[in-house]
Asker: 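Supplied in structure tokens, the structure appears directly below.
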Amino acid sequence: RFEIGGVVIPALAEHVVDTQLATTLGREGFSVRTVEHLLATLHGAGIDNVDVSVQGDEIPILDGCGAEWLEHLDRVGFVEQERPVREFVIERIIEVRDGDRWARIEPAPGFELDITIDFDHPSVGKQHLAFQFDPNTFSSEIAWARTFGFERLVPAMQRLGLVRGGSLENALVFGSEGPLNEGGVRSADEPVRHKMLDALGDLALLGHPICGRLIAERPGHGIVFHLLKK
């Protein structure tokens with residue numbers, strides 16, 4: 001849960017107030033934006049009981065992924081509690097669609113993510129990735145994948161008051177000729193890995209870990225949120 005201005009906002013789907021480019025939680029006139037990277041890191045690290053005190057109205061973007069959050073969590077450490085973890089066991093298929101975007105959760109023996117993205121850009125295009133998660137998967141395969149965007153869309157987003165703190169230090173930006181970041185991409189499929197990180201963070205808003213498989217085509221925060229509500 002998040003605490004801001006003396007108000008506690010549980011990290012649950014029922015408190016989602018916006019999903020434009022990021023996930024925002026709100027309650028009693030207070031809100032906190034861009035919670036998904038921190039929630040993904042907590043989820044991936046197996047930490048499911050934590051209070052986050054927030055100053056301001058947005059979680060720091062840090063390095064644009066989960067790697068720096070993971071370093072902070074490793075330094076702080078965690079305490080194993082003597083209470084069993086309740087999990088959602090998916091027993092039937094649940095699906096939502098929005099045009100060419102869709103997301104489905106279905107029964108599986110463990111926790112699995114299967115994500116496909118498709119962007120009209122030569123450096124991204126169509127990418128697919130699927131994992132069955134274990135304690136090491138997040139840190140080795142997902143945590144380092146940065147949020148990404150396209151240079152041609154930045155002016156329009158800034159006019160909407162978005163990406164105000166965005167830079168090449170915390171985002172992977174694609175120009176017409178390819179990545180603008182020094183060193184380029186960290187892997188050819190870094191974008192789909194980051195979409196998996198986002199999905200992992202949004203799934204944490206169920207409040208319990210899942211035994212099931214999420215399959216999503218062109219996912220965004222909105223489509224995953226609607227799946228959680230359903």
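The residues of the chain are indexed from 1 along the displayed sequence.
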Asker: Could you grab the distance from atom CG of Leu228 to atom CG of Leu214, nearest 0.5 Å is fine?
Answerer: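 Between atom CG of Leu228 and atom CG of Leu214 there are 9.0 Å.
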Asker: Using only atom types and a distance under 3.5 Å, with no angle test, would you say the side chain of Ser140 pairs donor to acceptor with the backbone of Asn136?
Answerer: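 Yes: the side chain of Ser140 pairs with the backbone of Asn136.
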Asker: Quick check: closest heavy atoms across Leu12 and Gly207, and the distance to 0.1 Å?
Answerer: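 Residues Leu12 and Gly207, closest heavy atoms: CD2-CA, 3.7 Å.
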Asker: With heavy-atom distances below 4.5 Å as the criterion, would you say the side chains of Arg193 and Ser187 are in contact?
Answerer: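 They are in contact (side-chain heavy atoms under 4.5 Å apart), so the answer is yes.
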Asker: Tell me whether His121 contacts the main-chain N or O of Gly175 through its side chain, where contact means a donor paired with an acceptor under 3.5 Å.
Answerer: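 Answer holds: yes.
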Asker: Do side-chain atoms of Arg27 reach the backbone of Val8 as a donor and acceptor pair under 3.5 angstrom?
Answerer: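 The answer is yes, because a donor-acceptor pair under 3.5 Å joins these two groups.
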Asker: Is there side-chain contact between Leu197 and Leu200, with at least one heavy-atom pair below 4.5 Å?
Answerer: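 Answer no - side chains too far apart.
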Asker: Check whether any side-chain N or O of Lys195 sits under 3.5 Å from a backbone N or O of Gly220 as a donor-acceptor pair, and report yes or no.
Answerer: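 Looks like no, no N/O pair under 3.5 Å.
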Asker: Do you reckon Val17 sits in the same ILVMFWY cluster as Leu206, going by side-chain contacts under 4.5 Å, direct or chained?
Answerer: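 Val17 does not cluster with Leu206.
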Asker: If only side-chain N and O atoms count, and only distance matters, is there a donor-acceptor pair under 3.5 Å linking Thr23 with Asp202?
Answerer: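 There is such a pair (donor and acceptor under 3.5 Å, judged by atom type) between the side chains of Asp202 and Thr23.
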Asker: Before giving the answer on side-chain contact (heavy atoms from CB on, under 4.5 Å), spell out for Leu172 and Val185 the whole-Å C-alpha distance, their side-chain angles and the decisive distance to 0.1 Å.
Answerer: CA-CA 7 Å; Leu172 174 61; Val185 295; 3.8 Å; yes
Asker: Between Leu113 and Leu203, is any pair of side-chain heavy atoms under 4.5 Å apart?
Answerer: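 The answer is yes; the side chains approach within 4.5 Å.
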Asker: Can you tell me how far CZ of Arg101 sits from CD of Glu217, rounded to the nearest 0.5 angstrom?
Answerer: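 Here the rounded value is 10.5 Å.
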Asker: Tell me whether Val50 shares a hydrophobic cluster with Leu39, the cluster being built from Ile, Leu, Val, Met, Phe, Trp, Tyr side chains joined at under 4.5 Å.
Answerer: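 Yes, same cluster.
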Asker: State the NE2-CG distance between His72 and Leu38, to the nearest 0.5 angstrom.
Answerer: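 Interatomic distance, His72 NE2 to Leu38 CG, rounded to 0.5 Å: 10.5 Å.
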Asker: Counting N and O atoms only, with roles assigned by atom type, does the side chain of Glu58 sit under 3.5 Å from a partner on the main chain of Thr34, one being a donor and the other an acceptor?
Answerer: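 No; zero donor-acceptor contacts below 3.5 Å.
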Asker: Where the side chain of Glu190 meets the backbone of Arg146, is there a donor-acceptor pair that is under 3.5 Å apart?
Answerer: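 Judged by distance alone, yes, a pair lies under 3.5 Å.
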Asker: Hey, does Ser31 have a side-chain heavy atom less than 4.5 Å from the side chain of Leu25?
Answerer: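 A side-chain contact is absent here, since even the closest heavy-atom pair is not under 4.5 Å.
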Asker: Just by modelled atom types, is the Val192 backbone N or O under 3.5 Å from a matching donor or acceptor in the Asp189 side chain?
Answerer: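 Not at all, since once roles are kept as given, no pair shorter than 3.5 Å links the two residues.
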Asker: If the plane angle is over 60° it's perpendicular, under 30° parallel, otherwise tilted; pick one for Phe174 and Phe148.
Answerer: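 Plane angle over 60°, so perpendicular.
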Asker: Tell me whether Phe78 is reachable from Trp69 by hopping between hydrophobic residues (I, L, V, M, F, W, Y) whose side-chain heavy atoms are closer than 4.5 Å.
Answerer: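 The answer is yes; both residues are in one hydrophobic cluster.
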Asker: So Thr147 and Asn170, do their side chains get closer than 4.5 Å, heavy atoms only?
Answerer: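 Of all side-chain heavy-atom pairs linking Thr147 with Asn170, none is under 4.5 Å.
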Asker: Locate the shortest heavy-atom distance separating Ala108 from Gly212; write the atom from each residue and the value.
Answerer: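 The pair with the smallest heavy-atom distance is CB-C, 3.7 Å.
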Asker: Write out all pairs satisfying ring pair (Phe, Tyr, Trp, His ring centres under 6.0 Å) with one or both partners inside residues 177-215, taking only residues at least two apart or from two chains.
Answerer: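 Non-adjacent pairs meeting ring pair (Phe, Tyr, Trp, His ring centres under 6.0 Å): His37-His194, Phe88-His208.
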Asker: So if you build clusters from Ile, Leu, Val, Met, Phe, Trp, Tyr with side-chain heavy-atom gaps below 4.5 Å, do Ile47 and Leu205 land together?
Answerer: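 Linked within one cluster.
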Asker: Has the side chain of Arg186 got a donor or acceptor atom that lies under 3.5 Å from a matching backbone atom of Trp144?
Answerer: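 A pair under 3.5 Å: yes.
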Asker: Would you check if the side chain of Asp63 reaches a backbone N or O of Glu68 as a donor-acceptor pair within less than 3.5 Å?
Answerer: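 Such a contact is found between Asp63 side chain and Glu68 backbone.
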Asker: Decide if the gap between the ring center of Phe119 and the ring center of Phe150 is smaller than 6.0 angstrom.
Answerer: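 Ring centres of Phe150 and Phe119 closer than 6.0 Å.
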Asker: So which heavy atom on Cys65 is nearest to which on Ala145, and how close?
Answerer: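 Looking at all heavy atoms of both residues, the closest pair is CB-O, 3.0 Å.
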Asker: Using 0.5 Å steps for rounding, measure from the CG atom of Leu21 to the OG1 atom of Thr19.
Answerer: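 Output value for this atom pair is 9.5 Å.
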Asker: If you count every heavy atom of other residues, nucleotides or ligands that lies below 6.0 Å from Asp120 atom CG, does the total exceed 12?
Answerer: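 Incorrect, the count does not exceed 12.
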Asker: Could you work out, with side-chain contact (heavy atoms from CB on, under 4.5 Å) as the rule, every residue matching Val76, not counting sequence neighbours?
Answerer: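 With neighbours one apart ignored, the set is empty.
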Asker: Do Trp102 and Ile215 have side chains that approach each other closer than 4.5 Å (heavy atoms only, starting at C-beta)?
Answerer: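 In contact.
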Asker: Considering only heavy atoms from C-beta outward, does the side chain of Phe131 approach that of Glu141 to under 4.5 Å?
Answerer: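 When only atoms from C-beta onward are counted, Glu141 and Phe131 do touch, with a gap below 4.5 Å.
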Asker: Does some side-chain heavy atom of Ile117 sit less than 4.5 Å from a side-chain heavy atom of Pro191?
Answerer: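 Side chain of Pro191 against side chain of Ile117, heavy atoms only: contact under 4.5 Å found.
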Asker: Taking Ile105 as the starting point, is it possible to reach Ile93 by hopping between hydrophobic residues whose side chains are less than 4.5 Å apart?
Answerer: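 No, no single cluster joins them.
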Asker: Without swapping roles, check the side chain of Asn181 against the backbone of Val173 for a donor-acceptor pair under 3.5 Å.
Answerer: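 Looks like yes, one N/O pair under 3.5 Å.
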Asker: Please indicate whether Arg104 has more than 12 foreign heavy atoms, meaning atoms of other residues, nucleotides or ligands, lying under 6.0 Å from its CZ.
Answerer: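 Counting neighbours around CZ of Arg104, more than 12 heavy atoms of other residues, nucleotides or ligands fall under 6.0 Å, so yes.
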Asker: Within this structure, what is the CD-NE2 distance for the pair Glu95 and His226, rounded to the nearest 0.5 Å?
Answerer: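 Glu95 atom CD to His226 atom NE2 measures 14.5 Å (nearest 0.5 Å).
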Asker: Just grab all the side-chain hydrogen bond (donor to acceptor under 3.5 Å, both in side chains) pairs involving residues 38-48, residues at least two apart or on different chains.
Answerer: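 Sorted pair list comes back empty.
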Asker: With rounding to the nearest 0.5 angstrom, report the CE to OG1 distance, Met196 to Thr116.
Answerer: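 Going from CE on Met196 over to OG1 on Thr116, the span is 9.0 Å.
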